[in-house]
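Only one structure is covered here, and it is reproduced in the block below.
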Amino acid sequence: MMTKDHKYRGPGGNPYLPRLATITKLYPETPNIISLHVALNDKKEMAGFSFEPGQVAQLSLFGAGESTFVINSAPKQKDYLQFSIMKAGEVTSAFHELSVGAQIGLRGPLGNCFPYHEFGKKNIILIAGGLGLAPLRPLMFHLLTERRKYADITLIYGARTPDDLCYLSDLDDWEDHGNVKIIRTIDREVPGWGYKVGFVPTIVSQVAPAPKNTVAVTCGPPIMIKFVLVELEKLGFEPHQIYTTLERRMKCGLGLCGRCNIGPKYVCIDGPVFSLAELKKLPNEM
Amino acid sequence: MPKSITQDKLADWLNRISQKYQLWASQEREGISLLSPYQPEAGFTLERIPQLSAKGVLFPQSECMLKYCYKKDPDNPEQTDLSLEGVEPHLKTVIWGIPPCDVAGINFFKHVFTGSGYHDPYFKARHSECLIVALACQQPETTCFCTAVGGSPVESPGADLLLTRIDHEYVVEAITPKGAELIDEDLFGMPEEKILKVVEQAKKSACKSLEAPFKLESLPVTADKMLKVFESPHWKEATRACISCGICTFICPTCYCFNMADEAQGMCGERLRCWDACMFPGYTLEASGHNPRLAKFQRYRNRLSHKFSYLITNNQVLGCTGCGRCIKECPAGIDMRRIIAHLLKEV
């Protein structure tokens, strides 16, 4: 796990100052999500940039503002960082207007990461909904670089419609070459859909992964996470076997501006990754 | 040894300070005492606790964090370059005549903004070049409760000088060597022995005049107790009258929540940091429409739990100086003293 010593220093030691970066590739992921490749303008800094799966960065489009996104490329990918942005508010909408070559700012990596070093020899079940697959993508890439260290890896991945599924070519690749079992689901039946139909929590209870020697990692919309946690506990998973990664409205990303707290913990510096055991100790304010 | 200055020489002293430093002192405006940049013609007042805390001097209500500029490449209009410039404030400042509860507020900021986590370079730069002259508070108001939260009306750790008024004379104690430099002037004399005795007595009686609305145990115990009452129905009952106006956060010497927003002028602009308020529903509203603190009781609960629990856990410091401004200014008459006292009795 990253410790708090791994701080983002920023130009001149000012952690509020972004580094300059360029969008090197940009393509639609779904009808309302784009994926960006971002490279730091300073080649040395880019080559030296390292992050752990689950960590986030703040992207600035000056004039529009700054927002937090998870880094979803493979940690060993040294040429660029990938982000996926759903059009939702002012900043994300402005990002959707950009094209390749656009100059932006980047602060990161920020936050903690998935404790994958505790996953050795275990079965791993990843459960994601929609763009909730983004934080799990770098984790999957990392797990696959050392596939032999882990037992069964399963991904349950759902979206509203087939069009809303992200990273489709990755899913095929992980299935075909990564020895990963993938269970795809959509909310409602669509002609030609050859996979499961139903909400992600329902599919979790159908698939019924056995809790013994298993860790579960989930991310998706808050309502999905809430019911996935319920299903996992019904299946006998202990809170310390379950991890999730949270979203909150953030500004500074440094634990100073105040808004992303759940009780005494800040999602930006103490998270975004929490075990259910950790969350249960916090006030119920999801 | 303490020195002393007579009231009629204070203006001369302020004028001298203001030649070397940016000087902040309280001004009387339409019956209100406001801490403002000192202007000799506007005078100064030491009669009342300033209506706003001193936090704005070191943590301005709005400040520039960085400047940016996009420039189109004339040879290739497709290409736009970006330049970025950090802004670091450098200004020698003296904050003069503030009560010990406001000095405690600045000490609090120091804990949170330059403590164990990320440091805030803007606050740090301002704070490192700031001298504080505190004024012992001899007639605490009915809303004051500094002694209940570990403070004192008449002592002021963190300040550089402490003034105590005795009739038309101010006894001046240097707390730091930097503070002593401010009084090395011909305007000051040596106070008589009997005056120093009067000072001691005045300080004692000021402390005695304060009643404790609640009794806190050690900080960790307080943090723990406040976490235990998170689900108490009292939060909802006690905040029914709240109108989410946020004045409690605005006038509070320790409320530090902020927003960051860009202000563009054409292709260039600034990123501003502005005070924000956890009492506003939009503060935690997410782009998806989800809001973890949608109800006003949740926001109020977060504010007080932050001050009396989370800050203790994270920074080993209490987020209240007992200045009483939130009680005095609340348009709905919410008195946090009663809420804390009530909640602490529940556990």
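Below, chains carry the letters A, B, ... as their sequence lines are ordered, and counting in each starts from 1.
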Measuring heavy-atom distances to chain A, does [X] have an atom under 4.5 Å in its side chain, in its backbone, in both, or in neither?
{"X": "B/F258", "value": "both"}
{"X": "B/H119", "value": "backbone"}
{"X": "B/T284", "value": "both"}
{"X": "B/E231", "value": "side chain"}
{"X": "B/Y283", "value": "both"}

- Message: When you compare the side chains of B/N314 and A/Y266, does any donor N or O come within less than 3.5 Å of an acceptor on the partner?
- Response: no
**Message:** If you apply the rule side chain to side chain contact (heavy atoms under 4.5 Å, CB included), what do you find for A/N261 with B/R293, and how did you get there?
**Reply:** CA-CA 11 Å; A/N261 72 305; B/R293 291 194 280 269; 2.9 Å; yes
Highest number of heavy-atom pairs under 4.5 Å with chain B among A/S60, A/G10, A/G13 belongs to A/S60
Notebook entry, point to check: Under the side chain to side chain donor-acceptor pair (under 3.5 Å) criterion, do B/N302 and A/R259 qualify, and how do the steps go?
Noted result: CA-CA 10 Å; B/N302 182 65; A/R259 76 198 62 223; over 6 Å; no
Considering only NZ, NE, NH1 and NH2 on the basic side and carboxylate oxygens on the acidic side, decide whether A/K251 and B/D276 come within less than 4.0 Å.
-> no
For residues 56-67 of chain B, the side-chain hydrogen bond (donor to acceptor under 3.5 Å, both in side chains) pairs (sequence neighbours left out) are B/E63-B/R126, B/E63-B/R273
If you tally heavy-atom pairs under 4.5 Å between each of B/D81, B/N291, B/L227, B/N259 and chain A, the highest tally belongs to B/N259
Answer key: most heavy-atom pairs under 4.5 Å with chain A among B/L311, B/V112, B/D120 is B/D120
Whether B/Y118 side chain and A/K7 backbone form a donor-acceptor pair below 3.5 Å: no
>> Any side-chain to backbone donor/acceptor pair from A/R248 onto B/E286? Under 3.5 Å, distance only.
In response: no
Any [X] side-chain heavy atom under 4.5 Å of [Y] side chain:
{"X": "A/K265", "Y": "B/Y310", "result": "no"}
{"X": "B/S305", "Y": "A/P264", "result": "no"}
{"X": "B/S83", "Y": "A/L20", "result": "no"}
{"X": "B/S288", "Y": "A/E247", "result": "no"}

### Task
Could you walk me through whether A/R19 and B/L84 pass the side chain to side chain contact (heavy atoms under 4.5 Å, CB included) test, one step at a time?
CA-CA 9 Å; A/R19 299 187 191 287; B/L84 207 59; over 6 Å; no
How far apart are the C-alpha atoms of A/Y16 and B/M260, what are their side-chain angles, what is the distance that settles it, and do they pass the side chain to side chain contact (heavy atoms under 4.5 Å, CB included) test? CA-CA 10 Å; A/Y16 293 107; B/M260 292 158 62; 4.2 Å; yes
By residue number, those in residues 61-72 of chain A with heavy atoms under 4.5 Å from heavy atoms of chain B are A/L61, A/F62, A/G63, A/A64, A/G65, A/E66
